[in-house]
A.B. asks: 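Below is one structure. I have some questions about it.
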Amino acid sequence: MIHISLLNNTIKQFESIPTGMDVAKSISEEFAKRCVAIVVDGEMRDLTQNITQDAQVRLLTENDPEAIEILRHSTAHVMAQAICRIYPNAKLAIGPVIENGFYYDIDMPPVSEDDFTKIETEMNKIIQAKLPIQRQDISKQNAMDMFVHEPYKRELIQDLDEGTIRMYQQGEFTDLCRGPHLPHTGFIKAFKLMKVSGAYWRADASKAQLQRIYGTAFFSKKELTAHLNFIEEAKKRDHRKIGSALELFSFHDEAPGMPFFHPKGMVMWNLLLDYWRKEHQAAGYVEIKTPVILNRLLWEKSGHWFNYKENMYTTSIDEMDYAIKPMNCPGGMLVYGLKSHSYKELPLRMAEIGLVHRHELSGVLSGLFRVRAFHQDDAHIFMTPDQIEAEILGVLKLMERIYHTFGLTFHVELSTRPKKSIGTDAQWEQATNGLKSALQIYGQEFKINEGDGAFYGPKIDIHIKDALGRTWQCGTIQLDMSLPERFDLTYVGNENDKHRPIMIHRVIYGSIERFFGILIEHFAGKFPCWLTPVQAVCLPLNDSLAPYCEHVYQRLLSHGIRIELDSRSETLQKRIREAQLNKIPLIITIGEKEKTSGKLSVRTLDGQVTYGIDEQTVVNYVKNHIESKRMDMEKFTS
RNA sequence: GCCGAUGUAGCUCAGUGGUAGAGCACUCCCAUGGUAAGGGAAAGGUCGCCAGUUCAAUCCUGGCCAUCGGCUCCA
């Protein structure tokens, strides 16, 4: 007698050993048809698998979050099956489920997206055939025999423990897989192949390059469409498109991966930094600036010459080797090391907006997100060991203030000591505990990534979430036990003895260029009034009103409003349309009525028009938005 | 760096082995407008760069450069 307890605490009894499907049917035949898998004592299994002892189970239907992974995994198999039918010589490697879908790495002639249609057509045939997906547990030897012509599978099997190897079969197709899978291929209601790329076998560039074909799958067409729409929306927000449409920045062949900022981009750039400086000054930071080109000896001392040389641009001056800095820290170390410091000066918070260059691989460059030259909003904080907690907390609070100003939420992760590391156990313990207790006091839940820290110290990574729910790692707080040592930095304690300061690196924007790109996509180019390069545009209704309009424009300009005058001989409608497309928050139109009354009419980006507004009201409106840095636009009232 | 795709006017894109087009933008003319594209004209290109094949290359071939999608997820 087997007792199966269900989610609602009811217990079903079975005379003989049941399968998951038997349990599902015991609830109802209808329900059983909708089930895709079963969780037995926390372990996901196929419905066809026997449940040999008393267990707690949860039946998974399309509505359960785990089910989508099973669906996608099975879809990956269907894709592999289809490809094997079309390309009989294809050799399968691995086909896992990933965040928004799945991929399969296959050794086959290069395919392009043009080939997707025929693969998808074949996949549809397999789906329509509703082939049962059957599990088979066989011995390792049998598995090796079965895959005589599949070298990658054989390699995978080699690495597996002795004992049974699990296989899944659908029609003529069998694949090595830990499962579970859908009961039959007919469960796949909506899928799409997304893209293709090259990927190395086991991510090793010295091994064969395979075709990685990406796809996604859902239980309904509607969800697939929603997913595709999300991708479309993200595409519309692409900072590279918006950046050139709004004339913020550009890239040129003459300097790949190194952005050129245009006047409008610079307005925003400077505002981002003005704001940053104001917050940092209030948080007790001082600012320095160190050179971009520094002597090789410095990089040898810091360790970069040996650990980071591949990514560094080097040059030779007066027969001496120099390198363009990829990080700001060594320069900061020199400034600290210049004179002796008292414990009374600590914590010393030394910020630097540093321009760094890193030679990234040509293939990874991507707009402002991945560049070769960028600015870090760096800061190095030197402190005594007992200041760690308070300083980390201070940085977290500063980050919170700054991110919230842009409407970005975030979560934090703590990375601890890796296998290869420097420093003593005691140092690591003190450092890690300092970060941990700061995070605990801070109060937000955090994830711990064991062993993911840098070799020179533990770190906290901050992941922000944008308006589309995408996350980006921008901020980081890294404790460094190496550099103070290498540069022999010290401070004098209260008994006139020398101590080694604790040092952290931290950034909030991270790369200012990248943060800029994230903001463009986060706001879809519709920046808050305080940040937008052009806050208002002044439109005369016709040519004869242009001189009067020019006066209004000049007055508003003199109040510090970033305003443009558009007195081109185009229809009002057209100029309004362009201003809207340029996402200018306020469109001020001036006709005879306004000239006579001395008032203005103002159109906001939502299309609302308010007439009869005093100039001073507009000035105050913009000033209020600048002052408060509010993200939304206040309703206009005359 | 590697795999695949792309590169034609400022932008978005057609197109062909006989040295090129459209729409938008820019300039000019007409229209002088009341809240998301008024009409017309003119101008604008060494078809990414360098070789090769050919009587002839923007088109075919090769190399290079740049851009785009990937190259982290291990049955």
Side-chain angles (χ1 to χ4, degrees), chain A residues 73 76-77 80 92-105 108-115 143 147 150 152-161 165-168 174-181 194-214 231 235 238 240-241 244-245 247 250-257 310 359-367 539-546 567-582 587-594 601-605 607-611:
Chain A
H73 204 164
H77 278 218
L92 303 179
I94 56 165
V97 172
I98 53 173
E99 203 179 331
N100 289 310
F102 60 87
Y103 67 76
Y104 215 119
D105 281 349
M108 62 189 290
V111 289
S112 77
E113 294 183 11
D114 300 337
D115 300 310
F147 287 122
E150 293 282 358
Y152 303 102
K153 293 293 175 194
R154 283 170 67 94
E155 209 179 309
L156 292 171
I157 294 165
Q158 284 287 356
D159 292 349
L160 293 176
D161 295 335
I165 304 278
R166 182 156 296 172
M167 295 289 170
Y168 280 87
T174 304
D175 197 1
L176 170 76
C177 189
R178 78 155 76 92
H181 278 280
M194 303 299 290
K195 52 201 171 196
V196 59
S197 83
Y200 299 107
W201 171 233
R202 305 208 143 168
D204 182 345
S206 69
K207 299 206 163 109
Q209 185 151 30
L210 313 169
Q211 298 294 308
R212 174 168 295 180
I213 303 178
Y214 290 85
I231 293 172
K235 235 184 225 168
D238 190 319
R240 292 166 298 195
K241 276 190 109 73
S244 58
E247 301 182 294
S250 60
F251 283 93
H252 301 263
D253 286 4
E254 288 79 356
E310 260 70 276
H359 185 85
E360 302 289 349
L361 292 175
S362 59
V364 306
L365 302 179
S366 176
L539 308 180
L541 186 63
N542 59 46
D543 291 350
S544 64
L545 287 158
S567 49
R568 287 175 305 158
S569 293
E570 297 289 350
T571 57
L572 182 69
Q573 282 89 330
K574 181 159 179 176
R575 287 174 290 152
I576 285 172
R577 177 182 146 83
E578 282 183 23
Q580 291 265 162
L581 291 175
N582 285 326
I587 300 170
I588 297 168
T589 50
I590 292 177
E592 287 300 339
K593 273 189 249 168
E594 285 75 19
S601 76
V602 179
R603 176 182 166 123
T604 42
L605 259 190
Q608 292 296 313
V609 184
T610 319
Y611 295 91

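Residue numbers begin at 1 in each chain, while the letters A, B, ... track the order of the sequences.
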A.B. asks: Which heavy-atom pair separates Arg202(A) from Asp159(A) by the least distance, and what is that distance?
C.D. replies: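 Between these two residues, the closest heavy atoms are NH1-OD2, 2.9 Å.
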
A.B. asks: Give the nucleotide from the list U35(B), C3(B), U32(B) with an atom nearest to the side chain of Asp543(A).
C.D. replies: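 My answer, after comparing the listed nucleotides, is U32(B).
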
A.B. asks: Would you say a side-chain N or O of Arg568(A) is under 4.0 Å from OP1 or OP2 of C26(B)?
C.D. replies: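 Affirmative; the distance criterion is met.
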
A.B. asks: Just by protein heavy atoms under 4.0 Å, how would nucleotides 8-14 of chain B read 5' to 3' in B, S and -?
C.D. replies: -------

A.B. asks: Parallel, tilted or perpendicular, judged at 30° and 60°: which one describes the rings of Tyr168(A) and His77(A)?
C.D. replies: perpendicular

A.B. asks: Is a donor-acceptor contact shorter than 3.5 angstrom present between the side chain of Thr571(A) and the base of U32(B)?
C.D. replies: no

A.B. asks: For Glu150(A), which contact category applies under a 4.0 Å heavy-atom criterion: base, sugar-phosphate, or nothing?
C.D. replies: nothing

A.B. asks: Can you find a side chain N or O atom of Lys574(A) that sits less than 4.0 Å from OP1 or OP2 on U32(B)?
C.D. replies: no

A.B. asks: Under 3.5 Å, is there an N or O donor on one side and an acceptor on the other linking the side chain of Ser544(A) and the base of U32(B)?
C.D. replies: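 There is none.
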
A.B. asks: Partners of Lys207(A) by salt bridge (charged side-chain N to carboxylate O under 4.0 Å, His left out), sequence neighbours excluded?
C.D. replies: Asp204(A)

A.B. asks: Below 3.5 Å, does any donor atom in the side chain of Glu594(A) face an acceptor in the base of G34(B), or the other way round?
C.D. replies: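 Result: at least one qualifying N/O pair found.
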
A.B. asks: Where along nucleotides 65-75 of chain B does protein come under 4.0 Å, by heavy atom, of base (B) or sugar-phosphate alone (S), with - for untouched nucleotides?
C.D. replies: -SSSBBBSBBB

A.B. asks: Please determine if Arg212(A) forms a cation-pi arrangement with Tyr103(A), meaning its NZ or CZ atom is less than 6.0 Å from the six-membered ring centre and no more than 45° off the ring axis.
C.D. replies: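 Yes, a cation-pi geometry holds between Arg212(A) and Tyr103(A).
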
A.B. asks: Checking Ser601(A) now: which residues fulfil side-chain hydrogen bond (donor to acceptor under 3.5 Å, both in side chains) with it, not counting sequence neighbours?
C.D. replies: Thr589(A)

A.B. asks: With Tyr200(A), which residues qualify under ring-ring contact (aromatic ring centres under 6.0 Å, His included), at least two apart?
C.D. replies: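 ring-ring contact (aromatic ring centres under 6.0 Å, His included) check on Tyr200(A) returns nothing, list empty.
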
A.B. asks: Fill in the dot-bracket string of RNA chain B, one character per base: . for unpaired, | for a pair to another strand, ( ) or [ ] for pairs within the strand, taking Watson-Crick or G-U pairs under 3.5 Å.
C.D. replies: (((((((..((((....[..))))..((((.......))))......(((((..]....))))))))))))....

